[in-house]
Every structure is written in C-alpha cells, then in structure tokens.
There are 2 protein chains.
Amino acid sequence: MRKSNTSAPGEATPNHVTAEQRPISTVDVVIFTVRQERLCVLLTRRAQPPFARRWALPGGFVHVGQDADLLACAQRILRGKTGVQSPYLEQLGSWGSATRDPRGWSATHVYFALIPPPDQPLAPDAQWVEAGAALTGAGPLAFDHADILATALARLRAKVEYTSLPAYLLPQPFTLPQLQRMYEVVLGRAVDKSGFRTRMLAADFLQEAGQEAAAAAGRPAMRYRLRENARPAYFPRTFAPRAR
Amino acid sequence: MRKSNTSAPGEATPNHVTAEQRPISTVDVVIFTVRQERLCVLLTRRAQPPFARRWALPGGFVHVGQDADLLACAQRILRGKTGVQSPYLEQLGSWGSATRDPRGWSATHVYFALIPPPDQPLAPDAQWVEAGAALTGAGPLAFDHADILATALARLRAKVEYTSLPAYLLPQPFTLPQLQRMYEVVLGRAVDKSGFRTRMLAADFLQEAGQEAAAAAGRPAMRYRLRENARPAYFPRTFAPRAR
DNA sequence: ACAATAGTGTCTGTAAGACAGTATTGG
DNA sequence: CCAATACTGTCTTACAGACACTATTGT
C-alpha cells in the first residue's frame, strides 16, 4: 500500500517543523594537494568535543548570518585554513544521519578542493597528511570523515582518468612534464609521455606561457597556463594501459 | 591575509550555534521515467505557501524522529509519491542559500531516481510531466527547482552515454531492443544496433531470462534481467557517432 | 662529447561505427 | 512468400599505447 506523506494526521507537516527539529547543518571540505610527490589531504585537530583531539576534515557550521550559500561557506572554510582564494572547488555530496554526530541529527555538505601547496602557513590546527595514511595511521578520524575521505579519494582517482583536474594541483605556469607527474602521483602508475602530451594539447584547455628558464641539465620545457574561462577538460576516453 | 575562522571573537563558534540559527533542511527527489517514448519527471503541486499552487519536485523536510539518514528520507518521499520501493537512487547534490526559500536559510539534499512507469496510481498531488516541458511550460517551478531539474537532466544525459542506467527505466525482464529504445529516448538520437548489443553484453550486467513469447510479427527477442548485486555498469567509452 | 630532460614520429592493435547480411516468427 | 523484427558478420577507420627517435640545454 502506498501512503501519502503530505497530510497524514499527527505527522509534522512542512510548515510545522520547528527550528528545534532541524538537523545540524555543517560544511566540510576535503582539500587535496601534492607535496613531495605525495598526494596529501588537509586535516585539523579538533579542540572541542565531540571527538576532541581527533583528526577531522576542515569544516564548520553553516553561519546563516554570514554565508550567502553553501559554496561561500566552503570557500570561507578553505580560506580560513589555507589562505587560498580560488582553487578548484566542487561539491562531493552530503552525508546526514541520526547517529553521525552525538549532538543529534546532523547533515554535512561536503566539498572537494584541489590546490597547489600554499605559500602562506596553514592555520595552526591544520596539517597536511598523506592521503593513504589519513585513512589508516594516527587513529580514526572524527565523525564519519573516514567514509567521506574514502569517497573523495575514489572520486578524485576516477575523475583524473578522464579530466584535466590535476592541473589545479600545480601553481601556474607549469610544464607538461610537471603536469604528467601530477597524474602519475594521483593515479599511482606511470603514464606514457607521447600519448599524454597529445591528449593534453588536443583538449584545448592550455595556452603557452613562454619558455622555461634553463635551470639544470636538460632542455627547458614550454610553460603553460590554463586558458581563460578555464573549466576542467573532459577527455573522451580514460587513460587505459593495454592490460585491462 | 589569512584569517582563522575558528576563534574570532564575536563569531558564533561551533558549539554555540543554537537551533534557531540552523538552516532549514529538506530532501528533494528528481524522479525520472519513460512513458510513451518520452522522458518524464514527477512533479507535485504545492498546496501550502511558499510558492502555493506552483509545481515543484517531490520533497519534504528531514524528519529527525523518523528518518534514519538522508537516503531513507529520500526513499520515504519516493515511496510516498509513487509506491515504488527499490529503484535506482543516487545523490545528485545539495543546494543551499539564504534566499532560495523565503522562510529563511535553507538547504536541500537532492536525490535522483530512475523507475519504470509504476503500476500503482500516483499520489493525488503528483503528475508526470515531460522533462523538457517541465522547464518551460506551465509556469515556473517553485524554489530553485528549475536549476535542480536542469542539473539532473544534464547528469542523466551525461551518464547515459557511458553507463547502463537506462536499464532501471524498464520493468524486468526486458529485451535488448527495448533497452536500446530507452537509450534513444534519453539521448534523443538513434544508436547503432550492432554496437549497442556488443557493448551491453560485454559489460556483463545482464543475464538471460528466457525467450519472449512471440506476439505479433517478427522474431521474438531474448529477455534479460539485471544480474544479482546489480550495480550499474560503466562502459570504457561514451557512445560517439563518427562526426564529433 | 656526454648526460639529462623535452618533445616528435611511427607502428600496431583494439574496438567502435557503419551497414549489409542472416535468422525466426506470423499472416 | 512476404513483412517484420531480432540478431550476426564483416569492413573500415580512428586513435590510444608503445617505444624509438630527434631536439635543446648545461657541464
């Protein structure tokens, strides 16, 4: 049998849901970067309960008087922890349940950021942790943040197979060999140089930015910037080594 | 300059956010089906303000005493409107801002469902509307539901290019020609039969379910069901007609 | 000249798209 | 036998992967 949920008597109908019945609303941001050829994620150590002294993803409550929308809230959190202004930032999803926060029914809107290693110092409670180690080492993460981080990692690795996302892990301008290394770090495997270059240049999201100054040995590389209006490029196929 | 947002004086810190400062939390579900070779979305007519008498996506408040988590809330909404129990249901994203709901800061968690045309009657306030017409005809949708629906449509069309999602638009068992028609309806273009069949069978998400009973003219087709543990299949490439 | 790194050319295999053909049913 | 629909085979071509080759720098 089907039951309508809009007007059953005794049930809280939309206009009768009071503020006390509202779930807690937070925003968390999974911030990735590559440091020393390692994929790292930013974690903060919680000062207050719940989960005091545990590591957690950077996040906070939606400030209804301050945040215009969810994206602005995520940007505020990102800027607060890293000082970075305009990175790649997309929504990952939301996690909400009666049990994920001991304070009550809670839902978090999760964003996903890619940034170059920042020049400014991090917030004092924040630290870069290698992505794999964040899931295993140094004790469990607060809340359901291990789930969230695992989902973010899976999404990153999946999208790197067919998008130009790793370009956001580098400061501009960058060279194609540098970009290739970003792909290799995230994917955890080597990528063929020739195919890689053809693919990147064909995708038409880069513009030349002058020759690199010759530093050590070797031919200096061409530098590139993201084109204006640079949304990430989507490739028609995934990177696929012969053996499936 | 970087500003820490965790301990600035005068700012609401996490444990001091009272229930009154919490955003409104809702869940909306974009429910697609194919009826008479048309892609349709389920809309409901709003009885109460805000946006009374406007068409809207099915949705409602998170019921903190009733819904174990966001997915359960989405399932409750889906079941309430259609009677359908276990369709394809994935998260689409969340939309939240100070202005999207005149009652105050509001965030909605949006899910995305694919179902076969249900046997049971719909809830009395619900109606199938052709997907394109829902965005243009019969007046604007409530809230930011036009944005949400446009995003859902784009996501559906994108994923249909490289996944087996259209299989969830059909009652089981179904034949490959029927499945091919689902692809063609959603994509709005013809798909080559031979390549289509090779692709579907190679993806290994179908199992044979006996020969179709010969009805009218023509050779009866083989019927298929989704395999056990049937998650959707992801194809290595998109459907791509020669001319790009 | 050599090492080191950047960048290009060429071959080959895979698989998708196009389309013509065969198979199986009812009338 | 014909119409109608299901299914298969074959040809062609695009293109990714592999890898060897050339180019440009510093020492």
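Per chain, numbering begins at 1; letters A, B, ... match sequence-line order.
The shortest heavy-atom contact between B:Leu71 and B:Tyr111 is N-OH, 3.5 Å.
For A:Phe174 and A:Tyr224, the distance between ring centers is not under 6.0 angstrom.
Remark: B:Asp144 engages B:Arg100 in a salt bridge, criterion side-chain N to carboxylate O under 4.0 Å. Classification of B:Arg155 and B:Glu90 as a salt-bridged pair holds, one side-chain N sitting under 4.0 Å from a carboxylate O. Salt-bridge formation is not detected for the pair B:Glu184/B:Arg38: no Lys NZ or Arg NE/NH1/NH2 atom is positioned less than 4.0 Å from an Asp or Glu carboxylate oxygen.
Regarding B:Glu208, its CD atom lies at a distance of 12 Å from the C1' atom of D:dC7, rounded to whole Å. What separates CG of B:Leu201 from C1' of D:dC7 is a distance of 10 Å, to the nearest Å. D:dA6 atom C1' lies 6 Å from atom CZ of B:Arg197, rounded to whole Å. Here C:dT5 presents its P atom at 13 Å from CD of A:Gln180, a figure rounded to the nearest Å. One interatomic measurement links the two molecules: CZ of B:Arg189 to C1' of C:dG17, which rounds to 12 Å at whole-angstrom precision. Distance, A:Gln211 CD to D:dT25 C1': 10 Å, rounded to whole Å. The interatomic distance linking B:Met200 (CE) with C:dA15 (C1') rounds to 15 Å, in whole Å. One can place CZ of B:Phe196 at 12 Å from P of D:dA6, the figure rounded to the nearest angstrom.
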Evaluate the side chain to side chain contact (heavy atoms under 4.5 Å, CB included) criterion for residues A:Met200 and A:Leu179: first the C-alpha distance (whole Å), next the side-chain angles of each, then the deciding distance (0.1 Å), finally the verdict.
CA-CA 10 Å; A:Met200 293 302 136; A:Leu179 182 57; 4.0 Å; yes

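In the set C:dT8, D:dG17, C:dT25, D:dG17 carries the atom at the smallest distance from any side-chain atom of A:Arg199. In the set D:dA6, C:dA4, C:dT24, the nucleotide with an atom closest to the side chain of B:Arg181 is D:dA6.
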Grab the N/O contacts between the protein and nucleotides 19-22 of chain C below 3.5 Å, and write none if there aren't any.
none

